Amino acid sequence: MKPNPMALSFDIEDWFTVRNMREVINESEWDNQEYRIEIGVNYILEQLNLRNIKATFFILGWVAQRSPELVAKIHQHGHEIASHGHSHKPIDLMTPKEFREDLQKSITLLEEITGEKIKGFRAPSFSLTKKTAWAIEIMKELGLEYDSSIFVTSHPDYGVIDFPEEIVNMNGLIEVPMIKGKLLSRKIPVNGGGYFRLFPYAITKNALLNNNAQSPMVLYFHPWEFDKDQPRAPMSPLKRFRHYVGLSDNRLKFERLLDDFDFCTIRELIENSPVKSLERNPLLPQLGPEPLTHLS
Ligand SMILES: [Zn+2]
């Protein structure tokens, strides 16, 4: 049986804007860095074009401001344009007011370039968690229809381990969570990022196939992951490992993946999957049982 199509997504940011770089390259220095985003984006567009695959591009407002023609090009190729915020600050490092301004700025820039309403959002570093659940109301107020920022995992920086592994309606905002692959009884986050680069492709493929039958899968990549010659920044050994592991053969793995599966945009995944309405938002604290005194 042919596996279900998986949603393919890209977070469009350059190598120096990622969370692991934050302590060595300040946002005020971004303009002075070697800007290489087109290397990765052009490679991605070329590979998708060859196979007639359409994907969702979560684009940083800062990138849209600097390269409006690049956003227009992605849009002209028929891909879905969505927001990755403006400054790549994780939600937990912003106040609600700052988050609203940051998100609105990115939406306005992207809508001006594409002439279309922006409907989807992915928070930098998957930072929609129980701590930042307040952000959902702001997303709705700004006209977003879906979010794909919750990673069903426990990670020191992000994740909601008890979030359902399905597409859900959280009181008016649809959440398309990031779900891990499965190998034997272990769940491994091979659906993108460092783990995709770290694991041999055969393991990744199996893990994706195993979970694909049960849960709607979303894959995520970044343009800098396809640019092996990007500058090396002085980081701690762990962060250096996370950022640079597997860069040299990542293009090869990615092309095998594109050949082996069918893909769609996140909006298409929502349209073709059951969307469950939740009685209780799993991001909000659970109310305890009624006090005993209320019982007769
Ligand atoms: Zn990002």
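We use all heavy atoms of the structure for the numbers below, so side chains are in, but hydrogens, waters and symmetry mates are not. We count ligands from 1, going down the list as the structure has it; atoms in each ligand are counted the same way. What you see is a predicted model; the values in this text were computed from it and never measured.
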ask   = Charged N to carboxylate O under 4.0 angstrom, Asp227 versus Arg36?
value = yes

task = Tell me, with the steps shown, if Lys73 and Glu69 meet salt bridge (Lys or Arg N to Asp or Glu O under 4.0 Å).
result = CA-CA 6 Å; Lys73 186 173 171 182; Glu69 70 296 336; over 6 Å; no

remark   = Note, the Zn ion (ligand 1) has protein N, O or S atoms under 2.8 Å numbering 3

key: Ring centers of Phe254, Phe221 separated by less than 6.0 Å   = yes

task = Using the six-membered ring wherever Trp is involved, compare the ring planes of His79 and Phe57 and label them parallel, tilted or perpendicular (cut-offs 30° and 60°).
result = tilted

Stepwise salt bridge (Lys or Arg N to Asp or Glu O under 4.0 Å) test for Arg122 and Asp11 = CA-CA 8 Å; Arg122 170 162 303 137; Asp11 295 352; 2.9 Å; yes

task = Give me the one residue out of Lys253, Lys205, Arg51 that meets salt bridge (Lys or Arg N to Asp or Glu O under 4.0 Å) with Asp260.
result = Lys205

